[in-house]
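Just below is one structure, and these are the notes that go with it.
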Amino acid sequence: MITDARVLQPEFTPQEVEHRNQEVNVLSNALKPIMNQEPGETTLLLGPSGAGKTCIARFTTERLRENVLDINSQYINCWQDYTRFRVLYRILEGIGQTVDIHRRSTPKDELLDRLCNYDGPHYVIILDEVDQLEDKSVLYDLYQMRGLTAILITNREEDLFSHLDDRLTSRFESSVRVNFDKYHLDELVSILEARARWGLSERAIGRQQLALIADAAAGDARIAIGILRNAARQADQQGTEMITTDIVEGAVPDGRAEVRRKAAEKLRKHQRVLFEILTDEGEMKPGELYDEYCRRVDDPKTKRTVRNYLQKMEHYRLIIADGKKRARTYRPRTDLS
DNA sequence: TGTCCACTGGAAATCCCGGGAT
DNA sequence: ATCCCGGGATTTCCAGTGGACA
């Protein structure tokens with residue numbers, strides 16, 4: 001059934017992309033100066049999750065590499081590397097300069113010094129989920145580095161700019177923007193078709209079943225591919241050669257639950273307790289939530305810390321915060337699209 | 001309309017931990 | 001073994017805000 005599991009993985013970057021020619025062209029043009037040894041333009045990729053932003057950033061960078069003899073590139077997900085230190089570290093890692101870095105011997109400004117003195121081949125970095133950075137000052141650092149072009153990815157422009165100071169905001173105002181929309185149903189179907197062709201045995205799944213997956217994914221390619229992956233896995237386990245409608249229907253909730261489970265796995269004990277309370281109780285006011293939290297753990301954190309946790313969980317799309325100030329309530333997220 | 005105050009979120013202080021230095 | 005340092009996590013402090021209610 002599954003002939004090549006890689007193409008069903010979320011991080012797989014295909015050789016050809018579909019339905020995103022316009023976006024690829026804009027990004028390619030922004031990077032074009034690199035072909036003449038000049039810095040490319042800073043680019044912002046905006047749009048909902050699963051719209052192909054990460055994929056197109058990687059694809060275009062890869063294509064640039066094929067056209068330019070010598071270029072370095074690095075992909076950094078700010079969800080995982082959310083501090084200034086870690087981002088700088090990753091950037092150095094991309095040019096193999098981290099061997100002798102230790103906290104004691106190399107204060108973080110030395111990381112920056114080293115990057116500023118970098119004079120190797122042109123360097124393209126992709127900062128994914130850049131709104132998740134806790135210390136946005138690293139973006140300012142990027143501007144001080146020569147021979148470096150940044151591609152920034154975020155869901156909504158406001159998420160990024162609301163926490164930037166004026167100095168940074170004005171720098172970004174001139175950057176190139178590329179807006180991504182959700183995929184249409186037929187676009188998703190053809191994306192799935194391609195993945196099925198590359199990764200599954202022939203006639204493993206019919207067009208009708210692919211359409212069913214595309215419909216359930218509601219424009220999100222990541223979810224669509226996740227459902228396909230789950231369906232193929234289940235068919236494998238059952239020993240059948242065809243992914244039937246029944247199997248797809250069984251795989252839909254799993255495909256969605258997987259996204260949620262992955263996020264929930266990242267939660268630590270106290271955050272998990274908060275999440276469980278909201279799952280048990282439904283919508284709650286902040287005060288009630290905190291009281292219940294104190295009852296369930298023996299070493300409660302302060303209210304302020306709990307607010308930070310809740311904020312983070314909202315970013316993870318695990319919970320929803322409604323209302324402002326006094327009228328705020330928290331509830332678990334159930335739709336997950 | 002005005003006052004009250006539960007709540008938010010920024011900033012700064014402080015705690016805590018790991019790892020090099022002595 | 002102990003000290004010291006930097007960085008992340010947490011706490012402390014507090015100004016600001018907008019519903020609730022008279």
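We name chains A, B, ... by the order of the sequence lines, and we start the count at 1 in each one.
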Checklist entry - Is A:Ile76 close to A:Asp128 at the side-chain level, that is, under 4.5 Å between some pair of heavy atoms? => result no
Item to check | Cation-pi, A:Tyr118 ring and A:Arg146 (6.0 angstrom, 45 degrees) | outcome: no
Checklist entry - To the nearest angstrom, how far is A:Phe85 atom CZ from C:dG7 atom P? => result 7 Å
Next on the checklist: Classify the ring geometry of A:His270 against A:Tyr309: parallel below 30°, tilted from 30° to 60°, perpendicular beyond 60°.
Outcome noted: tilted
Item to check | Side chain A:Thr305, main chain A:Lys301, donor-acceptor under 3.5 Å | outcome: no
Item to check | Presence of salt bridge, A:Asp280 and A:Arg296, under 4.0 angstrom | outcome: yes
Item to check | Separation of B:dA6 P from A:Arg307 CZ (nearest whole Å) | outcome: 13 Å
Checklist entry - Given B:dG9, is OP1 or OP2 found less than 4.0 Å from the side-chain N or O atoms of A:Gln311? => result yes
Checklist entry - A:Tyr89 side chain N/O closer than 4.0 Å to the phosphate oxygens (OP1, OP2) of C:dG7? => result no
Checklist entry - Atom NZ of A:Lys312 and atom C1' of B:dT8: how far apart are they, to the nearest Å? => result 18 Å
Checklist entry - What are the two closest heavy atoms between A:Leu127 and A:Cys78, and how far apart are they? => result CD2-SG, 3.9 Å
Checklist outcome for this item: Separation of C:dC13 atom P from A:Asn308 atom CG, nearest Å, is 17 Å
Next on the checklist: Near DNA chain C, counting only heavy atoms under 4.0 Å, which residues of residues 280-305 of chain A show up?
Outcome noted: A:Lys301, A:Thr302, A:Arg304, A:Thr305
Item to check | Quiz item: cation-pi between A:Arg20 and A:Tyr183, 6.0 Å / 45° | outcome: yes
Checklist outcome for this item: When rounded to whole Å, the CZ to P distance for the pair A:Arg328 and B:dG9 reads 5 Å
Next on the checklist: Could you tell me how far apart A:Lys325 (NZ) and C:dG18 (P) are, to the nearest whole angstrom?
Outcome noted: 7 Å
Item to check | Separation of atom CZ in A:Arg84 from atom P in C:dG6, rounded to whole Å | outcome: 14 Å
Checklist entry - Does a nitrogen or oxygen in the side chain of A:Tyr330 sit under 4.0 Å from OP1 or OP2 of B:dT8? => result yes
Checklist outcome for this item: Here the distance between atom P of B:dT8 and atom CG of A:Asp322, to the nearest Å, is 13 Å
